[in-house]
Visitor: 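Input: one structure, supplied below.
The model shown is predicted, which means the values in this text are computed figures rather than measured ones. Along the sequence shown, residues carry numbers from 1.
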Amino acid sequence: MNVIVISIFSLFVLSQLPWWFVVITSSMAGLISKNYITSILNGFLCGALPWLVMFIYKLNAGGELLITRVSSMIGFEHWAGAMIATIVIGGLSGLMGSLCAYTFKKAFKVS
């Protein structure tokens, strides 16, 4: 449930702020995670889902020509290549932000 809330929040701010802000919103998922695995999964989802939704929105809002040309520039013949690259880049960015926040929380946890 927390991943959905963070992803929706990230989706709203993604259109107004720079692309790297997804790392900051994904760090919220790292702060509420219980262990490394959930931190990694939550971070990847919180990074990849908003970028995927924005990609699909831009594709359907008339950006198909631009997306197809960018996809061919990176070596894919179809727009699906750009979608995969978007998911991977967003997911890895979110994963790193979430994992950094989790390790920060764990380092300063009072036992």
Side-chain angles (χ1 to χ4, degrees):
M1 184 66 187
N2 292 330
V3 173
I4 295 170
V5 171
I6 293 170
S7 294
I8 290 172
F9 173 71
S10 182
L11 182 63
F12 285 132
V13 299
L14 186 61
S15 62
Q16 303 298 323
L17 296 171
W19 67 270
W20 50 264
F21 198 77
V22 74
V23 175
I24 296 171
T25 56
S26 295
S27 66
M28 292 179 211
L31 289 175
I32 61 173
S33 295
K34 304 272 188 250
N35 55 22
Y36 281 110
I37 301 298
T38 58
S39 173
I40 288 171
L41 292 175
N42 291 344
F44 190 86
L45 287 175
C46 287
L49 287 178
W51 278 28
L52 179 63
V53 170
M54 287 299 289
F55 179 85
I56 292 171
Y57 172 73
K58 297 289 184 183
L59 182 68
N60 291 332
E64 185 177 1
L65 179 64
L66 179 63
I67 291 171
T68 305
R69 288 189 183 194
V70 169
S71 184
S72 66
M73 282 177 21
I74 61 175
F76 296 106
E77 294 297 324
H78 198 259
W79 55 263
M83 183 176 72
I84 291 169
T86 299
I87 292 170
V88 169
I89 292 170
L92 289 178
S93 299
L95 183 142
M96 288 186 287
S98 176
L99 199 56
C100 285
Y102 176 74
T103 55
F104 184 80
K105 178 183 87 168
K106 190 170 179 156
F108 291 105
K109 185 178 179 181
V110 177
S111 298

Visitor: Within a strict 4.5 Å, meaning less than it, do heavy atoms of the Phe21 and Ser10 side chains meet?
Guide: no

Visitor: Looking at every non-hydrogen atom in both residues, tell me the closest pair between Cys46 and Ser7 and how far apart they are.
Guide: CA-OG, 3.7 Å

Visitor: Nearest 0.5 angstrom please: Phe12 CZ to Thr25 OG1, how far?
Guide: 13.0 Å

Visitor: Quiz question: by atom type and distance under 3.5 Å, do the side chains of Ser39 and Ser98 form a donor-acceptor pair?
Guide: yes

Visitor: Tell me whether Ile6 shares a hydrophobic cluster with Leu17, the cluster being built from Ile, Leu, Val, Met, Phe, Trp, Tyr side chains joined at under 4.5 Å.
Guide: yes

Visitor: If hydrophobic clusters are built from ILVMFWY residues whose side chains come within less than 4.5 Å, do Phe44 and Trp51 share one?
Guide: no

Visitor: Taking all atoms of both residues into account, what is the closest heavy-atom pair of Lys105 and Ile32, and its distance?
Guide: NZ-C, 4.5 Å

Visitor: What are the two closest heavy atoms between Trp19 and Ser93, and how far apart are they?
Guide: CZ3-OG, 4.2 Å

Visitor: Carefully, step by step, assess Leu52 and Thr86 under the rule side-chain contact (heavy atoms from CB on, under 4.5 Å).
Guide: CA-CA 7 Å; Leu52 179 63; Thr86 299; 5.9 Å; no

Visitor: Count I, L, V, M, F, W, Y as connected when their side-chain heavy atoms are under 4.5 Å apart, and connections chain through other members. Are Leu45 and Ile56 then in the same cluster?
Guide: no

Visitor: Looking only at heavy atoms, what is the nearest atom pair of Gly97 and Val23, with distance?
Guide: CA-CG1, 3.6 Å

Visitor: Nearest 0.5 angstrom please: Leu99 CG to Ser26 OG, how far?
Guide: 11.5 Å

Visitor: Which heavy-atom pair separates Pro50 from Leu14 by the least distance, and what is that distance?
Guide: O-CD2, 3.7 Å

Visitor: For Thr38 and Asn35, what are the C-alpha separation, side-chain angles and deciding distance, and is it a side-chain contact (heavy atoms from CB on, under 4.5 Å)?
Guide: CA-CA 6 Å; Thr38 58; Asn35 55 22; 2.9 Å; yes

Visitor: Does any pair with a residue in residues 75-107 pass ring pair (Phe, Tyr, Trp, His ring centres under 6.0 Å), and if so which ones, sequence neighbours excluded?
Guide: Tyr36-Tyr102, Phe104-Phe108

Visitor: Cluster question for you: counting only ILVMFWY and a side-chain heavy-atom cut-off of under 4.5 Å, with indirect links fine, are Ile24 and Phe9 together?
Guide: yes

Visitor: Decide whether Leu65 and Leu59 are clustered together by the hydrophobic rule: side chain heavy atoms of Ile, Leu, Val, Met, Phe, Trp, Tyr closer than 4.5 Å, transitively.
Guide: no

Visitor: Could you pull out all residues at least two apart from Asn60 that satisfy side chain to side chain donor-acceptor pair (under 3.5 Å)?
Guide: none

Visitor: Quick one: closest heavy-atom pair of Ala82 and Ser71, and the distance?
Guide: N-OG, 3.5 Å

